[in-house]
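Heads up, the thing below is written out as structure tokens.
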Amino acid sequence: MAFFTHHISRSFSSSAARSVVIKNVTIIGGGQMGAGIAQVAASTGHTVTLVDMSEDILKKSVKGIEGSLKRVAKKKFAEKPEAGEEFIQKVLQNVSTATDPAAAAPTSDLVLEAIVENLKVKQDLFGRLDKLAPAHTIFASNTSSLPITDIASSTSRQDRFGGLHFFNPVPMMKLVEVIATPATSQETFDSLLNFSKALGKAPVSCKDTPGFIVNRLLVPYMMEALRLHERGHGSKEDIDVAMKLGAGYPMGPFELSDYVGLDTMKFIIDGWSEKDPDNPLFAPSELLNKLVAEGKLGKKTGEGFYKYK
């Protein structure tokens, strides 16, 4: 991450323990998740700075936010197009962009990362930001699989570090998993919980365990469907139909895997398997490994378990 060119000294005080009302938010990572979180936060009156490595990425992010807001406005202001346009512009005014978080971190109440699922990269990011942000600033990660404790270990503010795991697409999905490590203070947890509610989301409390709640249940389920298919006990099509019609799921496990991304699934299961190699739920899949090696990652590449036009 070639972000950080400035180091700003700061001092800690007992005031850092107060519950922080989060108004100014810095989001690191302008991809689909980061942009989605930025949109929701800006729509609820928060001041947002979206940070990424290049202006081109940020322009694409803002364009995506604007397109999403237009779809929201079309439904929300179906009979009042002028009000819809006013809504869009008001939200966009709450979003600024930067290629260097030094421009935003010193005024941030919350710094939230939504970057690549790589522990070292995340640790480096927060280790550098720790020297930039004021004492009251809360750090949070949107990771879906890495331990928050491990990410927070690169900072001196582990009591002001937690997890905020949003779900894709962020503007539509109501759930946020709020993760507390053993070191996270109650004040920090309350601030993250209140921030999630202020976004109009439904937060649930999670411990810092592999996959938190949703992915801890969901990924093994998808992997078991894969193993069922590998054993020849059901076609992927029949397994998908069975789970949709028998369990009432909107997507079958293979459809869902393609939507999530097979590379993402492989990354998660490989990480869990490395930490707990004797757990059969975390056993890798030869078929999954083969598809990822061939670049067939799901909907985003046009082919995974299924083909997409």
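This is a predicted model, so every value here is computed, not measured.
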Task: Main-chain N/O of D270 paired with K275 side-chain donor or acceptor, under 3.5 Å - done: no
- [ ] Quick one: pull up OG in S61 and CD in E55 and give me the separation to the nearest 0.5 Å.
- [x] 10.5 Å
Task: ring-ring contact (aromatic ring centres under 6.0 Å, His included) involving F282 - partner list, sequence neighbours excluded - done: W272
Task: Cationic tip of K236 above Y306 ring, under 6.0 Å, 45° of axis - done: yes
Task: S108 backbone acceptor or donor facing T26 side chain under 3.5 Å - done: no
- [ ] Apply side chain to side chain donor-acceptor pair (under 3.5 Å) to T47 and N94, showing your working.
- [x] CA-CA 5 Å; T47 301; N94 288 335; 5.2 Å; no
Open item on the list: The test is salt bridge (charged side-chain N to carboxylate O under 4.0 Å, His left out); show your working for D124 and R128 and say whether it passes.
Closed with: CA-CA 6 Å; D124 181 62; R128 293 174 184 267; 3.1 Å; yes
Open item on the list: Taking CD in E294 as the centre, count heavy atoms belonging to other residues, nucleotides or ligands within less than 6.0 Å. Is the count above 12?
Closed with: yes
Open item on the list: For a 4.5 angstrom cut-off between non-hydrogen side-chain atoms, does I27 reach T49?
Closed with: no
Open item on the list: Nearest 0.5 angstrom please: K299 NZ to E255 CD, how far?
Closed with: 9.5 Å
Task: Note, L164 side chain near V176 side chain (heavy atom, < 4.5 Å) - done: yes
- [ ] Taking atom types as modelled, find out whether S285 and E230 have a side-chain donor-acceptor pair closer than 3.5 angstrom.
- [x] yes
TODO: Verify the neighbour count for atom NZ of K60: are there more than 12 heavy atoms of other residues, nucleotides or ligands below 6.0 Å?
DONE: no
Task: Closest non-hydrogen atom pair between L50 and G29, with its separation - done: CD1-O, 3.6 Å
- [ ] Indicate, with yes or no, if L175 and M251 share a hydrophobic cluster defined by side-chain heavy-atom contacts under 4.5 Å among Ile, Leu, Val, Met, Phe, Trp and Tyr.
- [x] yes
Open item on the list: Other residues, nucleotides and ligands only: do more than 12 of their heavy atoms fall within 6.0 Å of CD on Q32?
Closed with: no
Open item on the list: If hydrophobic clusters are built by linking Ile, Leu, Val, Met, Phe, Trp and Tyr wherever their side-chain heavy atoms come under 4.5 Å apart, do Y249 and V241 end up in the same one?
Closed with: no
Task: Pairwise distance CG(D56) to OG1(T99) - rounded to 0.5 angstrom - done: 11.5 Å
- [ ] Give the minimum heavy-atom separation between L110 and A140, together with the two atoms involved.
- [x] CD1-CB, 4.0 Å
Task: Where F161 and S141 come nearest, the two heavy atoms and their spacing - done: CE2-N, 4.4 Å
Task: Hydrophobic cluster identity match, I65 and I88, side-chain contacts under 4.5 Å - done: yes
- [ ] Tell me whether L92 is reachable from I57 by hopping between hydrophobic residues (I, L, V, M, F, W, Y) whose side-chain heavy atoms are closer than 4.5 Å.
- [x] no
- [ ] State whether the side chain of T184 and the backbone N or O of T181 hold a donor-acceptor pair below 3.5 Å, judged by distance alone.
- [x] yes
- [ ] Tell me whether the guanidinium CZ or amine NZ of R160 lies under 6.0 angstrom from the six-membered ring centre of F139 and within 45° of its axis.
- [x] no
Open item on the list: According to a hydrophobic-cluster definition based on side-chain heavy atoms being under 4.5 Å apart (Ile, Leu, Val, Met, Phe, Trp, Tyr only), do L58 and V170 belong together?
Closed with: yes
- [ ] Indicate yes or no for a side-chain donor-acceptor contact from D52 to the backbone of S54 under 3.5 Å, with no hydrogens or angles considered.
- [x] no
- [ ] Applying side-chain contact (heavy atoms from CB on, under 4.5 Å), run through V40 and H46 and close with a yes or a no.
- [x] CA-CA 9 Å; V40 173; H46 295 82; over 6 Å; no
- [ ] Check Q39 against S68 and note the closest heavy-atom contact, atom names and distance.
- [x] OE1-OG, 2.8 Å
Open item on the list: For S196 versus P203, what's the shortest heavy-atom pair and its separation?
Closed with: CB-CB, 3.8 Å
Task: Side-chain touch K290/K296, heavy atoms, less than 4.5 angstrom - done: no
Open item on the list: Within this structure, what is the CG-CZ distance for the pair D263 and F267, rounded to the nearest 0.5 Å?
Closed with: 10.5 Å
Task: Main-chain N/O of L297 paired with T301 side-chain donor or acceptor, under 3.5 Å - done: yes
Open item on the list: Could you tell me if K76 sits above the aromatic ring of F87, with its cationic atom closer than 6.0 Å to the ring centre and no more than 45 degrees from the axis?
Closed with: yes
- [ ] Please check if any side-chain donor atom of S145 sits under 3.5 Å from a side-chain acceptor atom of E117, or the reverse.
- [x] yes
Open item on the list: Assess whether a salt bridge exists between R227 and E224, defined as any Lys/Arg side-chain N lying under 4.0 Å from an Asp/Glu carboxylate O.
Closed with: yes
- [ ] Taking K266 for its side chain and L291 for its backbone only, find out whether a donor-acceptor pair lies under 3.5 Å.
- [x] no
Open item on the list: Rounded at 0.5 Å granularity, tell me how far CZ in F166 sits from CG in N142.
Closed with: 7.0 Å
TODO: Evaluate the side-chain contact (heavy atoms from CB on, under 4.5 Å) criterion for residues N168 and M173: first the C-alpha distance (whole Å), next the side-chain angles of each, then the deciding distance (0.1 Å), finally the verdict.
DONE: CA-CA 7 Å; N168 188 36; M173 300 294 281; 5.9 Å; no
Task: Contact check, side chains of F212 and T143, non-hydrogen atoms, under 4.5 Å - done: yes
- [ ] Take V260 and D258, measure what side-chain contact (heavy atoms from CB on, under 4.5 Å) needs, and give me the verdict at the end.
- [x] CA-CA 6 Å; V260 169; D258 277 353; over 6 Å; no
Task: Stepwise side-chain contact (heavy atoms from CB on, under 4.5 Å) test for L69 and R71 - done: CA-CA 5 Å; L69 288 171; R71 290 190 291 274; over 6 Å; no
Task: Side-chain donor or acceptor of N215 paired with backbone N/O of L218 under 3.5 Å - done: no
Open item on the list: Using only atom types and a distance under 3.5 Å, with no angle test, would you say the side chain of R157 pairs donor to acceptor with the backbone of A152?
Closed with: no
Open item on the list: Can a donor-acceptor pair be found, under 3.5 Å and without considering hydrogens, that links the side chain of D109 to the backbone of N24?
Closed with: yes
TODO: Would you indicate whether K300, at its atom NZ, is surrounded by more than 12 heavy atoms from other residues, nucleotides or ligands within a distance under 6.0 Å?
DONE: yes
Open item on the list: Tell me if the aromatic rings of H229 and F254 count as close, with their centers under 6.0 Å from one another.
Closed with: yes
TODO: Determine the minimum heavy-atom distance between A114 and M33, stating which atoms define it.
DONE: CB-CB, 4.4 Å
Open item on the list: Do T188 and S191 pair up side chain to side chain, a donor and an acceptor below 3.5 Å, judged on atom types alone?
Closed with: no
Open item on the list: Between Q89 and Q93, do the side chains contain a donor N or O and an acceptor N or O under 3.5 Å apart?
Closed with: no
- [ ] For residues P277 and N279, determine if any side-chain heavy atom of one lies less than 4.5 Å from a side-chain heavy atom of the other.
- [x] no
Open item on the list: Is it the case that the side chain of E113 and the backbone of I115 share a donor-acceptor pair, with hydrogens and angles ignored and the cut-off at 3.5 Å?
Closed with: yes
Open item on the list: Do I28 and L112 make a side-chain contact, defined as non-hydrogen atoms from C-beta onward lying under 4.5 Å apart?
Closed with: no
Open item on the list: When you compare the side chain of F305 with that of L262, does any pair of heavy atoms fall below 4.5 Å?
Closed with: yes
Open item on the list: Is there a side-chain contact between L226 and L287 in this structure, where contact means two heavy atoms from C-beta onward sitting under 4.5 Å apart?
Closed with: yes
TODO: Measure the spacing between CD of E187 and CG of D190 and express it to the nearest 0.5 Å.
DONE: 7.0 Å
